[in-house]
Amino acid sequence: MKEIYYVYNNEAISSCIFLSILNRVENIEIARACLILPFLLDDRTVSYLTKNKEQSFSLEEIIKQQSHLFISFNKRYLSLLPVSINSLILLNKANKIIIKKELIYRKHINIENQNLGIRYNKIEDIIPKFLSIIDNYSTNDLYKILKIQL
């Protein structure tokens with residue numbers, strides 16, 4: 001099962017997700033970046049956000065209404081942490097991002113109008129919604145709300 005999970009959630013799609021997010025924000029904390037993949041690589045969460053793209057709600061409301069999506073969040077976080085780190089290192093070595101201290105900055109990024117697959121297109125479509133939800137929280141608050149245990 002772990003091999004299948006890793007093949008499905010790999011550095012290629014993860015790097016594209018990070019690039020897409022960095023096209024929308026100027027910079028992002030490394031700790032905050034590590035929370036992205038457990039949200040956006042979970043098909044159930046992507047489906048929920050797609051169906052409710054026009055609605056406005058807080059992260060707490062989503063967790064309360066869709067608790068089944070977050071029961072395994074810490075497990076997903078821990079499983080995807082190496083993928084997150086590997087993706088960020090690959091993007092840094094490819095000169096697509098700059099990592100300084102605790103922040104990641106974008107460089108010259110252009111992945112628009114690329115055919116990167118149906119799954120990526122679904123994720124790309126809900127990234128603005130995802131960013132609007134997490135934007136209202138500090139990174140520390142996100143880790144507390146999501147009950148991340150390191």
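Quick caveat, the model's predicted, so the values are computed rather than measured. Because only heavy atoms are used, hydrogens play no part in the values below, and waters and symmetry mates are left out as well, while side chains stay in.
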Taking Glu124 first and then Arg24, would you say they form a salt bridge - that is, a charged N and a carboxylate O separated by under 4.0 Å? yes

Suppose we screen for side chain to side chain donor-acceptor pair (under 3.5 Å). Which residues come up paired with Thr50, at least two apart in sequence or across chains? none

Go through the structure and list residues passing side chain to side chain donor-acceptor pair (under 3.5 Å) with Gln65, not counting sequence neighbours. Tyr48

Is there a path of hydrophobic side-chain contacts, each under 4.5 Å between heavy atoms, that joins Leu90 and Ile17? no

For Lys122, the salt bridge (charged side-chain N to carboxylate O under 4.0 Å, His left out) test, sequence neighbours excluded, returns none

Contacts of type side chain to side chain donor-acceptor pair (under 3.5 Å), residue Ser138, not counting sequence neighbours: Asp141

Look up atom NZ in Lys147 and atom CD1 in Ile71, then write down how far apart they are to the nearest 0.5 Å. 10.5 Å

Rounded to the nearest 0.5 Å, how far apart are CG of Asn27 and CD1 of Ile97? 11.5 Å

Note: Val83 and Ser14 closest approach over all heavy atoms is CG1-OG, 3.3 Å

Taking side chain as C-beta onward, heavy atoms only, is Ile145 less than 4.5 Å from Glu60? yes

Can you name the residues that form a side chain to side chain contact (heavy atoms under 4.5 Å, CB included) with Glu29, not counting sequence neighbours? Arg32, Leu103, Thr139

Could you pull out all residues at least two apart from Ile85 that satisfy side chain to side chain contact (heavy atoms under 4.5 Å, CB included)? Leu81, Ile89

Would you please name every residue forming a ring pair (Phe, Tyr, Trp, His ring centres under 6.0 Å) with Tyr137, sequence neighbours left out? none

Parallel, tilted or perpendicular, judged at 30° and 60°: which one describes the rings of Tyr143 and Tyr77? perpendicular

Could you tell me which residues satisfy side chain to side chain donor-acceptor pair (under 3.5 Å) with Thr45, sequence neighbours excluded, listed by chain and number? Asp42

With rounding to the nearest 0.5 Å, note down the distance linking CG in Leu49 to CZ in Arg44. 12.5 Å

How far does CG of Leu40 sit from SG of Cys16, to the nearest 0.5 angstrom? 13.0 Å

Using side-chain heavy atoms (C-beta onward) and a distance below 4.5 Å, is Asn52 in contact with Ile62? no

Sub-4.5 Å side-chain heavy-atom contact between Phe39 and Leu146: yes

Do Leu91 and Leu22 make a side-chain contact, defined as non-hydrogen atoms from C-beta onward lying under 4.5 Å apart? no

Would a distance-only check, ignoring hydrogens and angles, find a side-chain to backbone donor-acceptor pair under 3.5 Å from Arg119 to Leu41? yes

Counting C-beta onward and ignoring hydrogens, is there a side-chain heavy-atom pair between Ile148 and Phe73 closer than 4.5 Å? yes

Check whether any side-chain N or O of Ser47 sits under 3.5 Å from a backbone N or O of Asp43 as a donor-acceptor pair, and report yes or no. no

In Å, rounded to the nearest 0.5 Å, how long is the span from CG of Leu37 to OG of Ser79? 11.5 Å

Please identify each residue that fulfils side chain to side chain contact (heavy atoms under 4.5 Å, CB included) with Lys100, with sequence neighbours left out. Ile98, Tyr105

If you measure from CG on Leu88 to CZ on Phe18, what distance do you get to the nearest 0.5 Å? 4.5 Å

Mind checking what makes salt bridge (charged side-chain N to carboxylate O under 4.0 Å, His left out) contact with Asp125, not counting sequence neighbours? Lys53

Are the side chains of Ile21 and Ile36 in contact, using a 4.5 Å heavy-atom criterion? yes

